[in-house]
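Just so you know, these numbers come straight off a predicted model, no measurement behind them.
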Amino acid sequence: VTFTISGPGLSAANVRPGTTRAQVRELLKDYVFLGGSFREQYYLHPDIVLEITFDEPNGAYSQDNKVKGPVVVRKTAMPQP
């Protein structure tokens with residue numbers, strides 16, 4: 001199941017197309033960052049992953065890369081240690 005996140009009071013709801021990678025990381029600093037390059041993922045809850053896609057002109061990774069599409073939330077199982 002994939003859906004776009006929305007709703008008041010959610011840091012993730014402030015992530016919109018055009019938001020820079022640095023701004024996204026600041027907004028989501030309290031969540032577990034899973035990594036990524038043109039697509040980053042964060043755990044919002046043990047079974048909820050937030051996925052954000054960035055533009056990377058000419059393959060260039062930068063804190064200035066901008067969110068390219070809608071923020072997507074996926075239900076998944078968090079890996080157990």
Side-chain angles (χ1 to χ4, degrees):
V1 173
T2 301
F3 55 95
T4 303
I5 190 167
S6 63
L10 295 173
S11 296
N14 296 323
V15 177
R16 296 187 174 95
T19 305
T20 66
R21 186 184 306 268
Q23 291 169 323
V24 168
R25 290 197 174 165
E26 179 62 27
L27 285 168
L28 301 177
K29 66 184 175 195
D30 296 328
Y31 298 103
V32 176
F33 173 62
L34 298 175
S37 176
F38 85 95
R39 180 178 296 136
E40 293 187 351
Q41 296 181 329
Y42 296 82
Y43 272 121
L44 300 183
H45 185 271
D47 61 350
I48 304 292
V49 172
L50 182 73
E51 186 175 279
I52 303 166
T53 304
F54 293 91
D55 68 351
E56 288 191 12
N58 301 316
Y61 174 92
S62 166
Q63 292 298 309
D64 295 325
N65 295 137
K66 295 187 182 339
V67 174
K68 186 170 130 174
V71 173
V72 175
V73 177
R74 298 187 191 283
K75 185 169 175 64
T76 187
M78 185 172 188
Q80 299 300 315

For the pair Asp47 (side chain) and Lys75 (backbone), establish whether a donor and an acceptor sit closer than 3.5 Å, ignoring hydrogens and angles.
no
Could you walk me through whether Ile52 and Tyr42 pass side-chain contact (heavy atoms from CB on, under 4.5 Å), step by step?
CA-CA 9 Å; Ile52 303 166; Tyr42 296 82; 4.1 Å; yes
Do you reckon Val73 sits in the same ILVMFWY cluster as Phe33, going by side-chain contacts under 4.5 Å, direct or chained?
yes
Glu26: what forms a side-chain hydrogen bond (donor to acceptor under 3.5 Å, both in side chains) with it, not counting sequence neighbours?
Lys29
What one should report as the nearest heavy-atom pair of Pro17 and Gly69 is CG-O, 3.8 Å
Return the CG to CD distance between Leu34 and Glu51, rounded to the nearest 0.5 Å.
10.0 Å
Thr20 side, atom OG1; Asp55 side, atom CG - distance, nearest 0.5 Å:
10.5 Å
Do Glu56 side-chain atoms and Phe38 backbone N/O form a donor-acceptor pair below 3.5 Å?
yes
Can you check side-chain contact (heavy atoms from CB on, under 4.5 Å) on Tyr61 and Arg21, steps first, answer last?
CA-CA 10 Å; Tyr61 174 92; Arg21 186 184 306 268; 3.4 Å; yes
What's the verdict on side-chain contact (heavy atoms from CB on, under 4.5 Å) for Ile48 and Tyr43, showing C-alpha distance, side-chain angles and the deciding distance?
CA-CA 6 Å; Ile48 304 292; Tyr43 272 121; over 6 Å; no
Measure the CD-CZ distance between Gln41 and Arg74 for me, rounded to the nearest 0.5 Å.
8.0 Å
For Thr19, check side-chain contact (heavy atoms from CB on, under 4.5 Å) against everything at least two apart and list the hits.
Arg16, Gln23, Val24, Val67
